[in-house]
Amino acid sequence: MKTEDRRQKSEVRPKKALGQHFLTDQNIAKKIVDQLSPDVESVVEVGAGTGVLTQFMVNEILDKFYVIEIDRESIEYLQQHYPTLGDHLIQGDFLKADLSQFGKQNMAIIGNFPYNISSQIFFQVLKYKEQVVEVVGMVQKEMAERMAAKEGSKTYGILSVLMQAWYDIDYLFTVHENVFNPPPKVKSAVIKMRRNTVTDLGCDEKLFVTIVKQAFNQRRKTLRNSLRTLLSPTIIENEVFNKRPEQLSVKEFIDLTNLISSSASRDAQ
Ligand code: SAH
């Protein structure tokens with residue numbers, strides 16, 4: 001039976017709460033899988049659904065290929081159609097999974113992600129940035145644009161800065177809603193992220209995250225206003241605080257973090 005026929009006969013019915021939009025175009029599915037780089041040592045697929053991406057990976061990279069899917073019906077379907085996956089098919093929540101069990105380094109994460117939790121998926125990737133060398137994923141188009149946006153752009157925000165600090169991000173291509181069942185209300189896009197060479201940001205990384213979040217949560221305000229609670233009198237007049245968060249590159253956020261932490265330690269003396 002052709003994959004297309006199998007998918008139509010599937011018992012699996014879309015569940016809104018799980019963000020299920022099944023890709024029906026085989027060529028696009030293949031094109032997504034083809035983005036994986038040859039140097040990855042293990043691959044974890046998030047949310048395989050009826051296996052439209054899985055089918056192109058299952059025979060190629062079986063030793064180190066894992067699937068995490070939360071939905072029981074999808075799991076049953078995948079067990080039936082891809083029995084060789086065996087215990088590499090895991091029913092569970094990707095957001096709670098311990099990714100270190102799937103490889104120590106050069107791991108790739110791939111998927112047509114459930115859009116309602118895509119930012120959380122990226123935060124989970126960040127948590128395992130020492131292992132995860134690459135992410136190839138379909139997300140809502142706006143999310144893809146935000147991830148890849150550079151400073152000065154309207155879509156540049158928290159995820160752009162926090163992810164770009166560790167990953168080089170490319171917007172690969174846009175995907176029309178009519179190649180999904182059911183069609184989502186939004187357009188989709190595929191992005192690819194590759195781990196950069198940074199091993200240490202060169203600043204207090206916790207404070208960096210706090211500053212980026214706090215600045216963008218009030219993105220129309222100047223940094224002087226949005227970051228006021230973090231600024232000591234010795235630095236508050238510094239010109240950089242006249243800027244708004246979308247004007248700062250990742251590097252400038254790092255410098256800003258160092259400026260704030262050095263003034264805080266000076267004040268403590
Ligand atoms: N890859 C398939 C399905 C995409 S829809 C295709 O392209 O057709 C998103 C899938 O993610 C669904 O199968 C849904 O059940 C699954 N999913 C949703 N939340 C999840 C989570 N927290 N962990 C793992 N899988 C999840």
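In listed order, ligands and their atoms are each counted from 1. Keep in mind it's a predicted model, so treat the numbers as computed, not measured.
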Derivation and outcome, salt bridge (charged side-chain N to carboxylate O under 4.0 Å, His left out), residues E142 and K187: CA-CA 8 Å; E142 286 73 19; K187 288 216 179 337; over 6 Å; no

Test side chain to side chain contact (heavy atoms under 4.5 Å, CB included) applied to T24 and N178, step by step: CA-CA 9 Å; T24 53; N178 63 11; over 6 Å; no

For H21, the ligand 1 atoms whose distance to one of its heavy atoms is below 4.0 Å: 4 (C), 5 (S)

Electrostatic pair K104:E41 at N-O distance under 4.0 angstrom: no

Element-labelled atoms of ligand 1 that are located less than 4.0 Å from some non-hydrogen atom of D71: 15 (O)

Nearest heavy atoms of Q91 and I70, plus distance in Å: NE2-O, 3.3 Å

Within-cut-off N or O pair, S74 and ligand 1, under 3.5 Å: no

Nearest neighbour of atom 17 (N) of ligand 1 from the list I110, I121, I70, on a heavy-atom basis: I70

Under-4.0 Å heavy-atom contact with ligand 1, by part of T50 that carries it: neither

Plane angle bin for H88 and Y66 - parallel if under 30°, tilted between 30 and 60°, otherwise perpendicular: parallel

G19 neighbourhood, listing ligand 1 atoms whose heavy-atom distance to it stays under 4.0 Å: 5 (S), 9 (C)

Min heavy-atom dist A48 to ligand 1 below 4.0 Å: yes

Contact check, G92 vs ligand 1, heavy-atom distance below 4.0 Å: yes

Side chain, backbone, both or neither: the part of V52 lying under 4.0 Å from ligand 1 by heavy atom: side chain

Lys/Arg-Asp/Glu bridge criterion (N-O < 4.0 Å) met for E76, R72: yes

Validation row: V33, Q55 side chains within 4.5 angstrom (heavy atoms): no

D93 near ligand 1 by a heavy-atom separation under 4.0 Å: yes

side-chain contact (heavy atoms from CB on, under 4.5 Å) partners for K251, two or more places apart: S249, D255

Which residues share a side-chain contact (heavy atoms from CB on, under 4.5 Å) with R194, sequence neighbours left out: S37, D39, V40, V133, E134, K192

Test of proximity, F22 against ligand 1: N or O pairs below 3.5 Å: no

Numbered atoms of ligand 1 (with element) below 4.0 Å of F94, judged on heavy atoms: 21 (C), 22 (N), 23 (N), 24 (C)

Region of A29 that comes within reach of ligand 1 [heavy atoms, distance under 4.0 Å]: neither

For I68, atoms of ligand 1 separated by under 4.0 Å from a heavy atom: 24 (C), 25 (N)

